[in-house]
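Have a look at the structure below, then the notes.
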Amino acid sequence: MSRSNYDAVVVGAGPNGLAAAITLQTKGLSVLLIEGKDTIGGGLRSAELTLPGFIHDICSAIHPLGVGSPFFNTLPLEAHGLEWVRPTIAAAHPFEDGSAAALLDTVEATAQSLGKDEEAYRRLMAPLVAQWPSLAPQLLGPLQFPRHPLDLAHFGWLGLPSVTTLAHRFQTREARALLAGMGAHSMQPLNSLSTAAVALIFLMTGHSKGWSFPRYGSARLAAALGSYFQSLGGAIQTGTPVTSLAQLPPSKALLLDCSPRQLLQLGGHRWSRLYQWQLERYRYGMGVFKVDWALAEPIPFKAEACRSAGTVHLGGTFEEIATSEARVFHGTPAEKPFILLTQQSLFDSSRAPQGKHTGWAYCHVPNGSRRDMTTIIENEVERFAPGFRERILARHVMDTAQMEAYNPNYIGGDINGGNLDIRQLFTRPALRRSPYRTSAKGIYLCSASTPPGGGVHGMCGYYAARRALKDIFRLPAPAL
Ligand SMILES: Cc1cc2nc3c(=O)[nH]c(=O)nc-3n(C[C@H](O)[C@H](O)[C@H](O)COP(=O)(O)OP(=O)(O)OC[C@H]3O[C@@H](n4cnc5c(N)ncnc54)[C@H](O)[C@@H]3O)c2cc1C
């Protein structure tokens, strides 16, 4: 390690580790950020996975929660090379007949595209979108005394039920399928409590800063965070997998951007029996099977909206998605799974050689599944985009085991750092006064296995560092 001791050491340079390191460093502490791989980023890395000149996002691709993150928005990331790209249409949802539903920039435009559900959509979303600036910092964090209790109560009333309940407000196939696709981001059966909240958050982000992504690839967001951290005086050490806490230099605070399972392996003897017992019982959610394509031409979707969308949700009607998600959650791979597909190269020419394109997709599979879903995913894309296969130049696939081998935080292919059901939403990884504190003084968990959970937003890292600043250094955290 480059120095003998630090005020704080952060292990793991994913978006949350980076956010934690920045939060501590802005208070003038000496901070070392250690990363096991040769590059920083965690879920924010990009590489030529298929052919030279085709840049693929290895993990996260689209960042509605990143561009809207209350923490990232306090940082001068544009000055460190970040440029957000906002696709023409945030998300589209095709049907076999060649039509599609779409999440458009404004509530008004989306409402008008939903026919008989125009007024229902407007009534549901217009007040929420107006409240989003006050809701975002409250929803993307731990349970805490609400700064805007009325807004939060309104959101809770709508978001606490399942997305199935929320869908009863709508009659059209389009509106109901749009909701199903949004709710499926929770990786929960659609009739589970609080899946409505996930659907509403993704709709609200679409109507605020859009479903944007970094030009040149997701790695650019990590690079901007790392560059800003270093500009503040922070130190980064890559290529250093931590296998025991004894390996680390002394520090007053230690923050770990890792899974509860790794926490047990890294320092089991330090945890109280109760904390260890809780970590052992932590539950992981569905996994993903991912495919990246190098394409000779854009994906020939029948529906025009899909040809202008950054993200496409494939899975058919509300009922089809509800059936396949429930099946996968309970351990059986779906024959027609819900698929998230993105096409960044339509809006960012740096992703592929001139005239060529990239495609990124994953489907939900049971945790730990080794089933090869390539043909199933490609058949599904072909269903909505006949001629797709002929455009494939090369592909790269990752199943759940390869995902976990790539990043030890993705247990069984779970990309959310643990099951995101109502029981684990605010008590991840354990029921404690602060979910970020471990049972050992000065050691904190800062990964997606703490509130608010998965996604690229850095809020778990910010709140864990805020806890450490208060407990150990008696310093206030930078305000959001
Ligand atoms: C295929 C896929 C698609 C996704 N798509 C999206 C998306 O489009 N949008 C979105 O918002 N989110 C998406 N996500 C989720 C998102 O990437 C994660 O929720 C997010 O990266 C979690 O951030 P984190 O900092 O908690 O952990 P990670 O990003 O997992 O970073 C953890 C880091 O810690 C390092 N590390 C762990 N243990 C050790 C150790 N013992 N020693 C040293 N280093 C260690 C790892 O190498 C890694 O770099 C996706 C994830 C995957 C896998």
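Keep in mind that what you see is a predicted model, and the values were worked out from it rather than measured. Read the numbers this way: they start at 1 and go in the same order the structure lists the ligands and their atoms.
Not a single heavy atom of Trp211 sits less than 4.0 Å from an atom of ligand 1.
Only the side chain of Gln262 comes within 4.0 Å of ligand 1, counting heavy atoms alone; its backbone N, CA, C and O stay farther away. Of the heavy atoms in Ala13, only backbone atoms (N, CA, C, O) come closer than 4.0 Å to ligand 1. If you look at Asn407 next to ligand 1, the close heavy atoms, those under 4.0 Å, all belong to the side chain. Looking at His185 against ligand 1, nothing comes within 4.0 Å, counting heavy atoms. The parts of Asn16 lying near ligand 1 are both backbone and side chain, judged by heavy-atom distances below 4.0 Å. With a 4.0 Å cut-off on non-hydrogen atoms, Tyr406 does not touch ligand 1 at all.
Counting only non-hydrogen atoms, the option in Ser218, Ser69, Gly455, Cys460 that gets closest to atom 12 (N) of ligand 1 is Gly455.
The closest side-chain donor-acceptor pair between Thr240 and Gln237 falls under 3.5 angstrom. Counting only N and O atoms by type, the side chains of Glu404 and Asn409 include no donor and acceptor under 3.5 Å apart.
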Note to self: Could you walk me through whether Arg437 and Arg467 satisfy the side-chain contact (heavy atoms from CB on, under 4.5 Å) test, starting with their C-alpha distance in whole Å, then the side-chain angles of each, then the deciding distance to 0.1 Å, before giving a yes or no?
What the structure shows: CA-CA 8 Å; Arg437 281 190 194 128; Arg467 189 71 259 161; 3.2 Å; yes
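Between Met403 and ligand 1, no pair of N/O atoms sits closer than 3.5 Å. For Leu266, no nitrogen or oxygen atom sits less than 3.5 Å from a nitrogen or oxygen atom of ligand 1, counting backbone and side chain alike. By the 3.5 Å distance cut-off applied to N or O atoms, Gly41 is not counted among the residues near ligand 1. Taking distance alone, with nitrogen or oxygen atoms compared against 3.5 Å, Gly43 approaches ligand 1 more closely than that limit. Checked by distance only, ligand 1 and Pro241 stay at 3.5 Å or farther apart across all their nitrogen or oxygen atoms. Taking any N or O of Ser447, backbone or side chain, none lies under 3.5 Å from an N or O belonging to ligand 1. Ligand 1 has an N or O atom lying under 3.5 Å from an N or O atom of Asp257, backbone or side chain. For the pair Val288 and ligand 1, the shortest N or O to N or O distance does not fall below 3.5 Å. In terms of polar-atom proximity, defined here as any N/O pair under 3.5 Å, Pro15 does make such a contact with ligand 1. For Glu35, a nitrogen or oxygen atom sits less than 3.5 Å from a nitrogen or oxygen atom of ligand 1, counting backbone and side chain alike.
Remark: Glu380 pairs with Arg383 by the side-chain hydrogen bond (donor to acceptor under 3.5 Å, both in side chains) rule, at least two apart or across chains. Residues forming a ring pair (Phe, Tyr, Trp, His ring centres under 6.0 Å) with Tyr444 (at least two apart in sequence, or on another chain): none.
Counting atoms of ligand 1 from 1 in the listed order, those under 4.0 Å from a heavy atom of Lys290 are 1 (C). Counting the atoms of ligand 1 from 1 in the order shown, those under 4.0 Å from a heavy atom of Val11 are 40 (C), 42 (N), 43 (C).
In this structure, Trp132 and Ile201 have side chains that are in contact, with non-hydrogen atoms separated by less than 4.5 Å.
By the 30° and 60° cut-offs, the orientation of the rings of Tyr463 relative to Tyr436 is parallel.
For Lys37 and Tyr406, the positive end sits near the middle of the six-membered ring, less than 6.0 Å away and at most 45° from its axis. Both the sub-6.0 Å distance and the 45° axial angle are not jointly satisfied by Arg261 relative to the ring of Tyr282.
Taking the six-membered ring for Trp and the full ring otherwise, Phe202 and His185 have centroids separated by under 6.0 Å.
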